[in-house]
Structures are given as structure tokens and as C-alpha cells.
Amino acid sequence: MAVEALFAGEMEAIARKAIELALAGDTVAVRIVLDRIAPLPRGRLIKLPDWQPLNSLADVPPAIARLCDYVAGGQITPEEAMSLASIIDKFTNACGMLDQENRIAALEERLSDAAA
């Protein structure tokens with residue numbers, strides 16, 4: 001917070017100066033300006049043309065198997081596969097929570113019918 005207070009109202013002037021220095025050939029300033037304007041992406045876009053959408057839990061095991069095939073074939077790195085597997089895991093968890101919610105609702109309905 002102290003640093004923010006120190007720079008309050010001066011950010012525009014600092015940015016202008018960095019741009020001026022960059023335009024004058026200062027390579028450090030160029031790096032600073034580019035890092036702010038166009039930072040390097042943390043990952044890359046992964047295009048998997050034969051990827052099948054996940055619609056149910058039954059789609060999960062084949063999806064994981066395909067990830068293994070992509071890694072073995074060199075189409076993606078093991079780290080990229082782990083990142084995609086994490087997304088699949090979140091899908092799996094969401095399906096499980098929805099299933100539990102549906103089961104609880106069905107049980108509550110049965111109990112309500114039995115009590116009536």
C-alpha cells in the first residue's frame with residue numbers, strides 16, 4: 001500500500017517516460033514496456049482436432065486415455081496433459097456434486113410422499 005501511495009498520480013508520467021526511453025533505444029525500458037503491454041503467455045493454445053466433448057462421467061476414462069496417447073505421441077507435453085487432466089477432474093467433481101444433489105432431492109421427495 002505504501003508503494004501504491006508513493007506512485008499515486010505519477011503512473012501516467014512514469015509510463016510515458018518508460019515509453020520515451022524505449023523509443024530512444026533503452027533495451028531495459030523496451031522490456032518493461034513490452035512486459036506490461038504484451039506479456040508472454042503462460043501457456044500455449046492446445047489444438048486437439050479429435051478431442052471429444054465431455055458430456056457425462058462415462059466420457060472421462062476415454063478422455064484421460066486420449067491425453068496419455070497425446071503425450072506418448074508428442075502432441076502435448078506431460079505438463080500440458082496434467083493441466084488438461086485437472087480440468088477433467090473439475091468436470092468429474094462437478095458431475096459428482098450434481099449427482100449427489102439429484103439423489104438428495106429424490107430422497108427428500110420420497111420422504112415427503114411417505115409422510116403424506
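- Minimum interatomic distance between A18 and A29 (heavy atoms only, all atoms of both residues): O-CB, 3.6 Å.
- Classification of R31 and D35 as a salt-bridged pair fails, no side-chain N sitting under 4.0 Å from a carboxylate O.
- To the nearest 0.5 Å, atom CD1 of residue I76 and atom CZ of residue R66 are 11.5 Å apart.
- Going from atom CG of L48 over to atom CD of E80 covers 9.0 Å, rounded to the nearest 0.5 Å.
- In terms of heavy atoms, S56 sits closest to F91 at O-CE2, 3.6 Å.
- Between atom CD1 of residue I87 and atom OG1 of residue T92 there is a gap of 12.0 Å, rounded to the nearest 0.5 Å.
- Between A81 and L67, the closest heavy-atom pair is O-CD1, 3.7 Å.
- Between I46 atom CD1 and Y70 atom OH the span is 10.5 Å, to the nearest 0.5 Å.
- I88 CD1 to D59 CG: the interatomic distance, rounded to the nearest 0.5 Å, is 10.0 Å.
- Taking CD1 of I19 as the reference point, atom CD1 of I32 lies at 11.5 Å (rounded to 0.5 Å).
- With a 4.5 Å cut-off on side-chain heavy atoms, R110 and L107 count as touching.
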